Number of protein chains: 2
Amino acid sequence: MTLQPFNIGGLSRQTGVNIETIRYYEKIGLLPPPTRSQGGFRQYEDRHLQWLRFIRRGRDLGFSIDSIRALLTLAERPDAPCEGADRMVALHLDEVERKIADLTLLRDELRAMKNCCGQVVAQCQIIGSLTAPGAAQQDTI
Amino acid sequence: MTLQPFNIGGLSRQTGVNIETIRYYEKIGLLPPPTRSQGGFRQYEDRHLQWLRFIRRGRDLGFSIDSIRALLTLAERPDAPCEGADRMVALHLDEVERKIADLTLLRDELRAMKNCCGQVVAQCQIIGSLTAPGAAQQDTI
DNA sequence: ATGGACCCTGGAGCCACTACAGAGTCAACG
DNA sequence: CGTTGACTCTGTAGTGGCTCCAGGGTCCAT
Ligand SMILES: [Zn+2]
Ligand SMILES: [Zn+2]
Ligand SMILES: [Zn+2]
Ligand SMILES: [Zn+2]
């Protein structure tokens, strides 16, 4: 099952990760450096594919680079306890839930201010609510 | 009602905007430069307070600097039609709604993977789902 | 006159990439 | 064997929206 090594372009296609991003991951020590061809081309193997898919999946789930680094370190030690991973997922879930709550408040505010009835800026509800928050619109003072 | 001019610290306290951020806004041309004292201190007046509160409110609503720039330009022309503002709010609302939808999917995925039942990495559902997405946990292969 | 709170500028750093420029490599085709 | 053209290399700079710092200068009350 040991396949031929492939270039960075192949790795990019197989993972959906940008070539520049792959090189960036190597530079920051997230992806182990592969061997090189005589001319200096990176030559990747299956293990790089697995590794990068792990990273990609973590990023898609919104984990930070540092979190993924920690998760990768953990994944390398099959006998270690996995509380760390558990805690990281719980923390990140909290973060995501907080973000959703914030954005939902934002959405409601934006919904309340859209569809201004005035036709010029002076009567515009949108400009008005940016100028004096809380005051919806005051057509005549 | 013309009050004494105040320093950058006063403006910061009255708006909740960081001093460094106020200087940054001036540098990128978002906040008009105030007059200076003989020693070079910035001296702000009420109009700067209004202006910066507008910016602050826009940022709190998640608008980009460029959008706020456009909204400020609009706010300066009371006789202009306000369709532009309307369109910007609608676009931004779309953006926020899309973000909420994305995060909700994320949240559900994170909920599904947390509380791994295994005690070591080898059986960990979390590490497992990062390694092979879709496969929940496969205790024995 | 002095202390201490405040302010100044310019530049670097943050995150996670992305976009180049200018050069070199590789494999296939003729 | 030579040429083409797709691919890859390094290094640097830019993105957004700040935030932090060093090393100085100013202001005002005592
Ligand atoms: Zn997180
Ligand atoms: Zn309007
Ligand atoms: Zn927006
Ligand atoms: Zn586990």
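Computed from a predicted structure; not experimentally measured. Chain letters run A, B, ... following the sequence lines, proteins first and then strands; every chain starts at 1.
- With rounding to whole Å, B:Leu11 atom CG is found 15 Å from C:dC6 atom C1'.
- In this structure, the CD1 atom of B:Ile68 is 14 Å from the P atom of D:dG16, given to the nearest Å.
- Contact check on B:Asp60 versus B:Arg57 returns no salt bridge, with no Lys/Arg side-chain nitrogen under 4.0 Å from an Asp/Glu carboxylate oxygen.
- Within the 4.0 angstrom heavy-atom criterion, only backbone atoms of the sugar-phosphate kind lie near A:Arg59; the bases stay farther away.
- Rounded to whole angstrom, the span from the CZ atom of A:Phe6 across to the C1' atom of C:dA27 amounts to 19 Å.
- When each of D:dG17, D:dT12, C:dT9 is scored by its nearest atom to the side-chain atoms of A:Lys27, the top-ranked nucleotide is D:dT12.
- The pair A:Glu95-A:Arg98 does not count as a salt bridge, with every side-chain nitrogen at least 4.0 angstrom from each carboxylate oxygen.
- Nearest to the side-chain atoms of B:Ile65 among the listed nucleotides D:dC18, D:dC27, C:dA16 stands D:dC18.
- Distances shorter than 4.0 Å separate some side-chain N or O of B:Ser37 from OP1 or OP2 on D:dC27.
- Across all strands, A:Phe63 comes closer than 4.0 Å to no nucleic acid atom at all (heavy-atom distances).
- OP1 and OP2 of D:dT10 both lie 4.0 Å or more from every side-chain N or O belonging to A:Arg23.
- The pair B:Lys27-B:Glu20 does not meet the salt-bridge criterion, since no charged nitrogen lies less than 4.0 angstrom from a carboxylate oxygen.
- In this structure, A:Gln38 places its CD atom 18 Å from P of D:dT8, rounding to the nearest Å.
- Residue contacts shown for A:Arg42 are limited to sugar-phosphate atoms, with no base heavy atom under 4.0 Å away.
- The shortest distance between the side-chain N/O atoms of B:Thr21 and the OP1/OP2 oxygens of D:dG17 is not below 4.0 Å.
- C:dT9 atom C1' lies 12 Å from atom CD1 of B:Ile8, rounded to whole Å.
- Classification of A:Lys114 and A:Glu109 as a salt-bridged pair fails, no side-chain N sitting under 4.0 Å from a carboxylate O.
- For B:Tyr24, taking side-chain heavy atoms from C-beta onward, the closest of the listed nucleotides D:dT19, C:dC17, C:dC8 is D:dT19.
- Taking only side-chain atoms of B:Arg36, from C-beta outward, the nucleotide of D:dT12, C:dC17, C:dT9 with the closest atom is C:dT9.
- The side chain of B:Asn18 contributes an N or O atom lying less than 4.0 Å from OP1 or OP2 of D:dT19.
- Within the structure, a side-chain polar atom (N or O) of B:Tyr25 is placed less than 4.0 Å from OP1 or OP2 of D:dC18.
- Heavy atoms of other residues, nucleotides or ligands lying less than 6.0 angstrom from CD of B:Gln119 number 12 at most.
- Separating the CD1 atom of A:Ile22 from the C1' atom of D:dC7 is a distance of 14 Å, rounded to the nearest angstrom.
- In this structure, B:Ile19 reaches the sugar-phosphate backbone alone: every heavy-atom distance under 4.0 Å involves primed, P, OP1 or OP2 atoms, never a base.
- For the pair A:Arg56 CZ and C:dA16 P, the computed distance is 15 Å after rounding to whole Å.
- Between the CD atom of A:Glu20 and the P atom of D:dG11 there is a distance of 14 Å, rounded to whole Å.
- B:Phe41 and B:Leu11 fall into different hydrophobic clusters, where Ile, Leu, Val, Met, Phe, Trp and Tyr side chains are chained together by heavy-atom contacts under 4.5 Å.
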